[in-house]
Amino acid sequence: MSLDHSLVGVPGEPRERSWTSTDALLYALGVGAGLGDPLRELEFTTENSEGIEQKVLPTYGVVIAQIPPARSIGDFDRAQLVLAEQYVELHQPLPVCGTVFTSSTVTGMYDKGSGALVEFESVAVDPATGEPLITTRSGMFIRGQGGFGGDRGTSTPWAPPDRDPDHTVVECTRPEQALLYRLSGDRNPLHADPRFAARGGFSRPILHGPCTFGFTGRVLLHELCGSDPARFVAMSGRFTAPVVPGESLVVSIWRGDDGAAVFRTAKRDGTVVIDRGRMSYRVPSESPASS
Ligand SMILES: C/C=C/C(=O)SCCNC(=O)CCNC(=O)[C@H](O)C(C)(C)COP(=O)(O)OP(=O)(O)OC[C@H]1O[C@@H](n2cnc3c(N)ncnc32)[C@H](O)[C@@H]1OP(=O)(O)O
């Protein structure tokens, strides 16, 4: 196969993307908000509950800042493409509705042997001020397309802390989860069409990586940020195995110092689906001692 290496480092033209309050609510349902207990996350799932102001889940930033590359990155079977890595950083909390201009750059193309790893960075800015709102980085793995003689990139081992996690939370995805999540914009048939999924070597359509990331991000938001999106700074992880809609996700979190934590997401049988998880968040300052 041929990857178009001339794309590396060349920023794409900014593209406009707008979202509405309804889009944000639909995304929240797509990543499991309200599942199990519809009264628990009303600030993310409703816009008109008495005394509750609508808020936006921080991982919606992944969707808002996602734009297709300006040119094709190469000629290969799209059924072999999987999301391998995701990073999202919010420079400000996401408004309930808005518009951004996003430019995306291919930052690297690596020969990983079993596949090619193509990395992207996107920056979404407020068109009125030019201020950055969201930065994302992602890695796409094109299976079976390594061995083209390119740079292998860096390789760093990872292991979770050698102690019990500080938090363990189980989230259940629904069998139709991917059908709901795709309505937020990612219509890749890998997540819905059994024939397309079979071409990619999967016995069933698999869940969108950003959906698994969003389920995990909700858990991190509630456990580490007191459910306050203004305290969410950045989150990243590496996708290590596919999730089939309907499977449960077990999120393990180890708190570090100064608003840092690491996490891992696994299935109930122990198969890790996101590793190398890192989260940074704002720790509320101590309230002044009363005199
Ligand atoms: C468009 C689609 C969107 C989606 O949402 S798809 C759903 C979400 N994504 C997934 O479900 C993907 C789950 N992950 C996997 O299936 C596998 O995991 C991979 C296919 C990505 C890789 O598996 P393998 O081919 O067996 O790779 P290896 O032999 O373990 O490693 C070969 C080299 O590749 C690096 N690598 C492996 N996984 C990743 C990853 N996820 N992100 C970045 N790099 C990866 C390793 O480190 C090593 O390279 P070094 O020898 O240089 O260290």
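These numbers come from a predicted model, not from an experiment. Atoms within a ligand are numbered from 1 in the order they appear, just like the ligands themselves.
There is no protein heavy atom less than 4.0 angstrom from atom 23 (O) of ligand 1. Atom 9 (N) of ligand 1 is approached by the protein to below 4.0 angstrom, counting heavy atoms only. Under the 4.0 Å distance rule, the nearest protein heavy atom to atom 41 (N) of ligand 1 falls inside the cut-off.
Both the sub-6.0 Å distance and the 45° axial angle are not jointly satisfied by Arg204 relative to the ring of Phe202. A cation-pi arrangement, defined by a distance under 6.0 Å to the six-membered ring centre and an angle within 45 degrees of its axis, is present between Arg218 and Phe215.
In this structure, Gly115 has no heavy atom closer than 4.0 Å to ligand 1. Ligand 1 has no atom lying under 4.0 Å from any heavy atom of Val243. Using a non-hydrogen distance threshold of 4.0 Å, His191 registers as a contact of ligand 1.
Proximity of Pro210 to ligand 1, defined as any heavy-atom pair under 4.0 Å, is confined to the side chain (atoms from C-beta onward). Of the heavy atoms in Val82, both backbone and side-chain atoms come closer than 4.0 Å to ligand 1. Contact annotation for Glu85 and ligand 1: only side-chain heavy atoms (C-beta onward) come within less than 4.0 Å of the ligand.
Cluster membership for Val219 and Val170, using ILVMFWY side-chain heavy atoms within less than 4.5 angstrom, is not shared. Cluster membership for Met140 and Phe213, using ILVMFWY side-chain heavy atoms within less than 4.5 angstrom, is shared.
Closest non-hydrogen pair, Asp166 versus Arg255, comes out as OD2-N, 2.7 Å.
Looking only at protein heavy atoms, the nearest one to atom 11 (O) of ligand 1 is Pro242 CA, 3.3 Å.
Between the side chain of Thr107 and the backbone N or O of Glu119, at least one donor-acceptor pair lies under 3.5 Å.
Close N/O approach between Asn188 and ligand 1 is not found [any backbone or side-chain N/O within under 3.5 Å]. Residue-to-ligand polar distances keep Ile206 apart from ligand 1: every N/O pair is separated by 3.5 Å or more.
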